Amino acid sequence: MKSATIQHVQVIRFTLQRLLHTPVASLLNILVIGIALSLPVGGYVLLKNVQGLAEQTAGTPQISVFLAAGTSQEEITRISKELKEHAAIDHIEFVPRDLALKQLQLSTGLADVVGGLTQNPLPDAFVIYPVALDAPKLELLRDDLRSWPRFEHVQLDSAWAHKLQAILRFGRLAVLILAAMLSFALVAITFNTIRLQILTQRDEIEVAKLIGATNGFIRRPFLYFGLVQGLLGGATAWLIIACSLLLLNYNLAELAQLYASNFSLHHLTPGDSLALLGFSAYLGWLGAWLSVSQHLWQIEPK
Amino acid sequence: MIKFNQVYKRYPGGHEALRNLSFEIAEGEMVFLTGHSGAGKSTLLKLIAAIERPTSGSVVVKGQNIKSLKGGALPYLRRNLGLIFQDHKLLFDRNAFDNVMLPLQICGFDHRESAKRVRAALDKVGLLNREKANPIALSGGEQQRLCIARAIVNRPTILLADEPTGNLDTEYSGEIMNIFRSFHQVGVTLLVSTHDETILRQFPGRALALKHGELQP
């Protein structure tokens, strides 16, 4: 047990030495793997962020009802009562036109524009929170409300969110396909690197076999090499994305300010980051394993 | 220790390297294998180390039949053997010390313990002061002795040497034969192939004479 641990430590040290022995080639390989991985992972990060934004903005679907101009206070009270008694409605919120104007003034930095208005152009509105949250029932409720008198405009706010969800699903699929293809590329890169290593170490492998090395012993340094190279490639991808996000967020801050939002892009969660490193290390190992099983048996002592 | 029974070895293409070989080598014996080049000496040694498999007949080494040996058991058989090659098969990407270290690394020895053993082996062949040298900087005789150090560092029970004095002058080959004799004295089984008649006269030991792949009486 002890000697096995020593062997593994020796092999890891040896692997790092080998990586450092050819710094340019190693760096290029790791960079290629990093870039290949950063494409799908970057796509994933963007999707996650957009999804987060969508959930934040449209957490629960709601229906906005804008009343026709000149609706009297009595009518509003009556409509409010009827809405509250409606079976499909959970609760409602009344937004008087003055409050709406104030909110607009506060929230979007359009104070100058709003201040220049001679009269309030906004209508009174109800925000309706439905009981059922699925799309068909919401649409049914929306159509029902549209037939009510004095309702100028009825808008189902979650409609765009549904569309966004569909687009996000499509995006996820695209990222998945990209990830599958580039994972294959990573395996291929490692396969080839290891193949070249095996060829240049032909003599060593032959001698090692002659003096009683098991196949496991001969295979181990190559597997570790693939593993470490994959791991470093994964770390590079993480760094590439981190740098890109830093740059994007810097520019996004200005844009977000214009929309009075503090939206910024978030990097991978610690769990996702670990998954990325684990996955890239596994792919490196797999490429090395395929290469070793393919080429090692061809080297037999004569 | 080593037992051949009606062994034939035919290479693809029809060349018959060994024909109907039967002999036995007891534990601790020192045996010379003689014959002209092409007589089958190297093939015979390769059969013992399971580098080649017999076409027919049986080769038994330390109770294990080479022919039916599984791939996984092969490395463990070879760890009992010290192989000394005519072409040395040293690695030129590391120094003498690391070359001798290789068998111990393979067996997973503790580093400090193996460093001691490596120095002992280098001392035995008189190369202790050259441990930092790259094998390519060593003379032919020194390379051969380094190959011996690598073969014995693991304390094998059987030493197989293929023409260990092949390219050396008499003085060097005398040194190397003295090293072999010291192993013989501590109970190692030795099988040394040579075409050098003077060695046979100088050293006691049984000789197996091969001619065209057959054992001469």
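As the structure is a computational prediction, the values presented were derived from the model and not from experiment. Reminder, nothing fancy here: chain letters follow the sequence lines and each chain counts from 1.
- If you measure heavy-atom distances from K46(B) to chain A, the contacts under 4.5 Å come from the side chain alone.
- Neither the backbone nor the side chain of N154(B) comes within contact range of chain A; no heavy atom of the residue lies under 4.5 Å from a heavy atom of that chain.
- In the displayed structure, F217(A) atom CZ is contacted under 6.0 Å by more than 12 heavy atoms of other residues, nucleotides or ligands.
- Only the side chain of F85(B) comes within less than 4.5 Å of a heavy atom in chain A; its backbone stays farther off.
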inquiry  = With side chain to side chain contact (heavy atoms under 4.5 Å, CB included) as the criterion, how do R150(B) and V207(A) come out once you've worked through the C-alpha distance, each side chain's angles and the decisive distance to 0.1 Å?
reply    = CA-CA 11 Å; R150(B) 187 181 63 190; V207(A) 169; 3.5 Å; yes
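- For F14(A), the CZ atom counts as densely surrounded, since its 6.0 Å shell holds more than 12 non-hydrogen atoms of other residues, nucleotides or ligands.
- Taking a 6.0 Å sphere around NZ of K48(A), one finds it holds 12 or fewer heavy atoms contributed by other residues, nucleotides or ligands.
- Annotation: the span from N99(B) atom CG to E204(A) atom CD amounts to 9.5 Å, rounded to 0.5 Å.
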task = Please lay out, stage by stage, how D203(A) and F92(B) fare under the test side chain to side chain contact (heavy atoms under 4.5 Å, CB included).
result = CA-CA 9 Å; D203(A) 290 345; F92(B) 297 123; over 6 Å; no
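- E206(A) touches chain B through its side chain: at least one heavy atom from C-beta onward sits under 4.5 Å away, while N, CA, C and O do not.
- By the neighbour-count criterion of 12 heavy atoms within 6.0 Å, atom CD of Q298(A) is densely surrounded, having more than that number from other residues, nucleotides or ligands.
- R79(B) places no side-chain N or O within donor-acceptor distance of the main-chain N or O of I211(A), the cut-off being under 3.5 Å.
- I51(B) contributes atom CD1, which lies 10.0 Å from atom CD of E300(A) (distance to the nearest 0.5 angstrom).
- A 6.0 Å sphere centred on NZ of K89(B) holds more than 12 heavy atoms belonging to other residues, nucleotides or ligands.
- Residue-environment remark: CD (E113(B)) exceeds the threshold of 12 foreign heavy atoms within 6.0 Å.
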